Amino acid sequence: MVDLRYIQDHFDAASDRLLKKGVDREILSELQGRFAKLKEANAALEAAQAEQNRLSKLFGVYKREGRDIGELKAKVDANKAAIAPLQETARTAESALRELALTVPNFPDLSVPDGLDEADNVEIRKVLTPREFAFEPLEHWALAERNGWIDFERGVKLAKSRFAVLRGEAARLERALINFFLDRNRRQGFEELYVPFLSNSTMLQGTGQLPKFADDLFKIEDEDLYLIPTAEVPLTNMYHDEILREDQLPVLMTAYTPCFRKEAGSAGRDTRGVIRQHQFDKVEMVAIAHPDTSDAVFEMMVQHASDLLTELGLPHRLVELCGGDLGFSAARTIDLEVWLPGQNTYREISSVSTTRDFQARRAMIRFKDGKKNRLVHTLNGSALAVGRTLVAIMENYQNEDGSIETPEALKPYL
RNA sequence: GGAGAGAUGGCAGAGCGGUUGAAUGCGGCAGCCUCGAAAGCUGUUGUCCGGGCUUCCCGGACCGGGGGUUCGAAUCCCCCUCUCUCCGCCA
């Protein structure tokens with residue numbers, strides 16, 4: 001959630017920043033109005049409540065002293081009657097504010113480049129040079145077919161479209177990659193966790209998937225539970241509604257989980273292959289960081305994700321997302337895009353974001369800074385998307401006969 | 001799924017319907033003591049919101065969640081959720 005006081009006190013700066021994400025000034029203005037209305041309603045309510053408390057206390061004293069209650073009772077009844085509508089007003093104002101506030105995306109950092117979409121993202125650097133092929137490299141689905149690695153038809157039969165079955169070597173490679181990533185993340189200082197693959201609505205609201213993006217989630221019928229779209233949800237919410245000690249920061253966590261997304265709105269995109277599935281494996285990093293040092297943690301996470309690709313010998317580039325391409329909760333995001341020779345293009349394989357205090361405010365994750373409680377910063381990043389790594393290995397390590405080499409770094413895992 | 005018990009501050013654990021935002025213990029913090037530490041002693045120590053003369057003061061709310069009774073609810077009543085124990089089922 002955005003800082004309402006910041007909007008109240010620095011309206012122009014706030015609306016300028018949100019303009020980068022395409023948020024209309026009117027919406028902020030409405031938000032500001034609802035915030036003011038709530039404060040007004042609360043002030044009136046609290047004054048009446050204070051009076052009620054005063055009278056009630058007096059009531060007790062009168063009774064003890066055996067004095068006549070009659071007049072006081074009339075007063076207290078009148079005041080009580082006045083409280084009810086004030087309470088209703090305050091409650092309405094509260095939910096009106098909340099409803100809107102939860103749908104307003106995070107402020108982009110000032111450093112975030114302007115732009116509307118993907119096309120305006122800024123390349124930071126390329127790592128490793130794509131190899132020269134003496135033949136026409138195939139796309140991964142063609143390679144998968146040749147090697148019998150992916151059973152698309154049966155995935156569809158078992159579930160529906162955008163599900164697939166990995167077979168034999170591909171299944172083993174998938175498992176090897178998960179272990180490889182977890183080991184490297186652990187070596188980097190991330191605690192390995194194994195978490196529930198279902199989360200309740202409170203947690204999803206904490207990280208920002210709800211209430212706005214319910215359409216992207218698979219929900220369990222008759223339960224307040226959803227299949228997680230990313231391990232960011234359980235990992236970040238590990239400290240939901242908790243107050244950490246300063247010396248615990250930064251908390252670095254990593255977990256492997258499958259991720260489930262409805263991919264509503266991406267009909268027709270990436271329909272071939274396994275680039276975009278309803279279920280995919282991902283190893284995620286999450287950091288709960290001190291606000292003063294979270295930038296360093298961000299850099300570390302970007303570098304670490306990049307190092308993983310380098311160790312696997314996968315050429316990639318780092319891209320700074322422009323304002324229009326930033327996700328709902330992100331203040332700043334760097335994508336890592338891996339080279340896919342079959343598609344002759346770079347495709348996202350990791351996304352590292354800082355949400356600053358946006359998720360922390362929603363999820364109430366704080367730390368003791370001296371006597372005061374301060375919001376932490378939360379960061380997340382894939383390290384890495386497993387399915388897409390498998391795709392990248394297939395395309396980059398293919399031979400002319402369609403066979404696929406194993407990256408050196410993975411050999412101990414197979 | 002069936003039966004029972006319970007949910008209170010960081011933890012443990014009290015709490016006749018009215019100075020109880022909550023005893024006590026532990027933990028944490030500060031001070032004393034000490035060369036230093038331990039032990040001991042003294043004090044202090046919840047969260048959120050609003051306001052103010054903004055290292056502090058004032059007001060409001062919060063004892064799993066929601067509703068009710070009452071001038072007044074942690075305390076009484078109802079509903080929900082969750083946890084624990086036993087049984088059943090199960091990897």
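Since we're looking at a predicted model, the values are computed, not measured. Note on naming: letters A, B, ... go to the chains in the order of the sequence lines (proteins, then strands), and numbering restarts at 1 for each one.
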Taking the side chain of A/Lys39 as its heavy atoms from C-beta onward, which of B/C48, B/G51, B/G59 lies nearest to it? B/G51
Mind checking who B/G9 pairs with, Watson-Crick or G-U wobble, both distances under 3.5 Å? none
Is a side-chain N or O of A/Asp120 found less than 3.5 angstrom from the main chain of A/Leu116, in a donor-acceptor match? yes
If I pick the C1' atom on B/A73 and the same atom on B/G66, what distance separates them, to the nearest angstrom? 15 Å
Could you give the distance separating B/U75 and B/C63 at their C1' atoms, to the nearest angstrom? 10 Å
Identified pairing partner of B/U19, criterion: Watson-Crick or G-U wobble below 3.5 Å: none
From CD of A/Gln87 over to C1' of B/A61, roughly how many Å is that when rounded to an integer? 10 Å
Shortest side-chain distance from A/Ala50, nucleotide among B/G18, B/G51, B/G59: B/G59
State whether A/Arg366 places a side-chain N or O below 4.0 Å from either non-bridging phosphate oxygen (OP1 or OP2) of B/C48. yes
If we call it a pair only when both distances are under 3.5 Å in a Watson-Crick or G-U wobble match, what pairs with B/G64? B/C80
B/G46 and B/A74: how far apart are their C1' atoms, nearest whole angstrom? 15 Å
OP1 or OP2 of B/G60 under 4.0 Å from side-chain N/O of A/Asn53: yes
Using whole Å, what does the distance between atom P of nucleotide B/C82 and atom CE of A/Met203 come to? 14 Å
Length of the CD-P vector between A/Glu46 and B/G59, whole Å: 12 Å
Go ahead and name the base partner of B/A74; Watson-Crick or wobble counts if both distances stay under 3.5 Å, otherwise write none. none
What integer number of Å spans the P atoms of B/C49 and B/U34? 45 Å
Ignoring hydrogens and geometry, is there a side-chain-to-backbone donor-acceptor pair from A/Lys20 to A/Val112 under 3.5 Å? yes
Rounded distance (Å) that lies between atom P of B/U69 and atom NZ of A/Lys80: 7 Å
When the C1' atoms of B/A23 and B/G13 are considered, how many whole Å apart are they? 10 Å
P atom, B/C16 versus B/C77: distance in rounded Å? 14 Å
Taking atom P in both B/A7 and B/G59, what distance in whole Å separates the two? 31 Å
Atom NZ of A/Lys219: over 12 foreign heavy atoms under 6.0 Å: yes
Between A/Met364 and A/Gly60, who's closer to the 5' end of RNA chain B by nearest nucleotide? A/Gly60
Taking atom types as they are modelled, is there a donor-acceptor pair under 3.5 Å from the base of B/G60 to the side chain of A/Gln49? no
Nearest to the side chain of A/Arg5, which nucleotide is it out of B/G72, B/G51, B/C49? B/G51
A/Lys73 side chain N/O closer than 4.0 Å to the phosphate oxygens (OP1, OP2) of B/C71? yes
5' precedence on RNA chain B between A/Lys372 and A/Phe59 (nearest-nucleotide basis): A/Lys372
Which pair of heavy atoms, one from A/Asp241 and one from A/Arg366, lies closest together, and at what distance? OD1-NH2, 4.2 Å
In terms of relative ring orientation, are A/Phe218 and A/Phe163 parallel, tilted or perpendicular, with 30° and 60° separating the classes? tilted
Is there a side-chain polar atom (N or O) of A/Arg361 under 4.0 Å from OP1 or OP2 of B/C48? no
Calculate the interatomic distance between A/Gln8 atom CD and B/C49 atom P; express it in whole Å. 13 Å
Complementary nucleotide of B/A3, counting Watson-Crick and G-U pairs under 3.5 Å: B/U85
Ignoring hydrogens and angles, tell me if any N or O in the side chain of A/Asp401 forms a donor-acceptor pair with the backbone of A/Ser403 under 3.5 Å. yes
Output the single nucleotide from B/G18, B/G72, B/G67 whose closest atom is nearest the side chain of A/Arg91. B/G67
Integer-rounded Å distance: B/A30 P and A/Lys368 NZ: 14 Å
Taking only the side-chain nitrogens and oxygens of A/Arg245, find out if one of them lies under 4.0 Å from OP1 or OP2 of B/G10. no
Starting at atom CD of A/Glu51, determine the distance to atom P of B/A61, rounded to an integer number of angstrom. 13 Å
Base partner of B/G40, which must satisfy Watson-Crick or wobble distances under 3.5 Å: B/C32
Nearest heavy atoms of A/Lys282 and A/Glu284, plus distance in Å: NZ-OE1, 2.7 Å
Tell me the partner of B/A91, counting only Watson-Crick (N1-N3 plus N6-O4 or O6-N4) or G-U wobble (N1-O2 and O6-N3) with both under 3.5 Å; none if nothing fits. none
Classify the ring geometry of A/Phe367 against A/His290: parallel below 30°, tilted from 30° to 60°, perpendicular beyond 60°. tilted
Is any side-chain N or O of A/Lys371 closer than 4.0 Å to OP1 or OP2 of B/C56? yes
Look at A/Asn373 and B/C48 and indicate whether a side-chain polar atom (N or O) is within less than 4.0 Å of OP1 or OP2. yes
Complementary nucleotide of B/G27, counting Watson-Crick and G-U pairs under 3.5 Å: B/U45
Nearest-angstrom distance from the residue atom CD of A/Glu40 to C1' of B/C49: 16 Å
What's the closest nucleotide to the side chain of A/Ser56 if the choices are B/G72, B/U47, B/C48? B/G72
Say you pick atom P in B/G72 and the same atom in B/G68; how far apart are they, in whole Å? 12 Å
